[in-house]
Amino acid sequence: MAEKPQPVRVLYCAVCSLPAEYCEFGPDFEKCKPWLIQNAPEIYPDLIKEANAKEADKVSQQFQSTGISSDGATPSAPKQEEVKRLPGGKIKKKDKQEVVIEKVVRNKRKCITTVKGLELFGVKLSDASKKLGKKFATGASVVKGPTEKEQIDVQGDISYDIVEFITESWPDVPETAIFFIEDGRKVPAA
């Protein structure tokens with residue numbers, strides 16, 4: 001008679017909840033490394049060698065730092081700038097202070113003018129949309145755009161009249177900071 005197959009015991013990582021063999025493909029392998037060294041050293045033997053090398057480097061740095069600083073001052077660690085990292089290791093850039101005006105055509109005849117970036121100049125978007133709606137006698141509303149940032153949608157093609165209105169209503173917004181998007185390119189309004 002054939003032997004009855006036994007179930008396979010799988011060791012799951014307590015940090016990322018993947019099987020230990022797949023931790024290196026998980027979302028954050030660096031956080032899993034200490035747990036893997038302690039609980040599954042046979043799966044990743046290179047981690048143990050790497051950890052031992054790091055410990056040796058730390059000890060040698062401590063000896064060097066105590067030998068160099070004879071005046072008793074503690075060595076200062078280099079300051080790391082706080083940089084916001086996005087998934088995939090990309091670095092988030094600071095927003096440029098600029099107003100971008102784009103005309104989006106829908107249904108061949110009707111169009112919507114979107115105004116992005118007014119909030120960077122300290123303008124309340126709800127107040128700005130009310131002023132734009134009254135000035136141009138159209139519907140204007142604050143909506144979240146595709147980048148999860150709020151923008152103002154104004155019904156109708158008011159793209160060239162809006163520049164003068166923005167600079168008059170909010171003097172903090174210079175005309176050099178207003179741009180149009182035409183044919184996929186950013187064109188200065190001035």
Side-chain angles (χ1 to χ4, degrees), residues 10 12-36 44 78-190:
V10 180
Y12 288 96
C13 177
V15 178
C16 67
S17 72
L18 290 173
E21 295 87 18
Y22 294 101
C23 275
E24 63 185 310
F25 305 111
D28 203 358
F29 185 53
E30 294 299 318
K31 289 182 181 177
C32 295
K33 283 182 179 181
W35 186 89
L36 290 170
Y44 294 102
K79 293 182 179 179
Q80 293 182 350
E81 295 180 15
E82 288 194 29
V83 177
K84 179 147 185 169
R85 292 215 175 251
L86 298 173
K90 294 181 180 177
I91 299 173
K92 185 175 182 180
K93 295 180 181 177
K94 289 186 177 178
D95 293 331
K96 292 181 182 176
Q97 280 199 330
E98 59 187 20
V99 177
V100 179
I101 299 169
E102 182 179 8
K103 183 178 91 171
V104 180
V105 179
R106 60 181 190 95
N107 295 342
K108 295 182 183 176
R109 293 184 307 158
K110 301 185 181 204
C111 58
I112 296 173
T113 305
T114 61
V115 181
K116 305 171 193 171
L118 271 178
E119 73 277 359
L120 299 174
F121 292 96
V123 177
K124 278 190 166 183
L125 293 183
S126 58
D127 295 342
S129 68
K130 284 180 186 176
K131 282 186 178 181
L132 287 168
K134 285 182 181 177
K135 167 72 177 172
F136 297 107
T138 62
S141 60
V142 178
V143 295
K144 280 198 177 182
T147 59
E148 293 297 317
K149 290 186 178 179
E150 291 187 335
Q151 63 189 27
I152 299 174
D153 282 356
V154 184
Q155 294 177 5
D157 183 12
I158 57 165
S159 54
Y160 288 99
D161 299 333
I162 202 169
V163 175
E164 186 178 324
F165 178 72
I166 288 174
T167 53
E168 287 174 2
S169 299
W170 299 284
D172 294 342
V173 182
E175 194 169 341
T176 56
I178 300 175
F179 294 93
F180 290 111
I181 293 184
E182 293 176 349
D183 301 325
R185 293 179 295 132
K186 195 184 287 188
V187 179

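Of all non-hydrogen atoms in Phe29 and Leu36, the two that sit nearest each other are CE1-CD1, 3.7 Å. Minimum interatomic distance between Val142 and Ser129 (heavy atoms only, all atoms of both residues): CG2-OG, 3.9 Å. Of all the heavy atoms in Trp35 and Ala14, the pair that sits closest is NE1-CB, 3.4 Å. The minimum heavy-atom distance between Asp157 and Lys103, with the atom names listed, is OD1-CD, 3.1 Å. Between Gln151 and Thr114, the shortest heavy-atom distance links the atoms NE2-CG2, 3.9 Å. Considering all non-hydrogen atoms of both residues, Phe121 and Pro174 come closest at CE2-CD, 3.8 Å.
Atom CD of Glu21 is surrounded by more than 12 heavy atoms from other residues, nucleotides or ligands within 6.0 Å. In the displayed structure, Phe165 atom CZ is contacted under 6.0 Å by more than 12 heavy atoms of other residues, nucleotides or ligands.
Look at Glu98 and Lys186 and you find a salt bridge, because one of the NZ, NE, NH1 or NH2 atoms lies within 4.0 Å of a carboxylate O, short of that distance.
Put simply, the side chain of Ser169 never gets that close to the backbone of Ile166: no donor and acceptor are under 3.5 Å apart.
Scanning for salt bridge (Lys or Arg N to Asp or Glu O under 4.0 Å) contacts around Glu102 gives Lys116, with sequence neighbours left out.
A 4.5 Å side-chain heavy-atom check between Phe25 and Leu18 finds every atom pair outside the cut-off.
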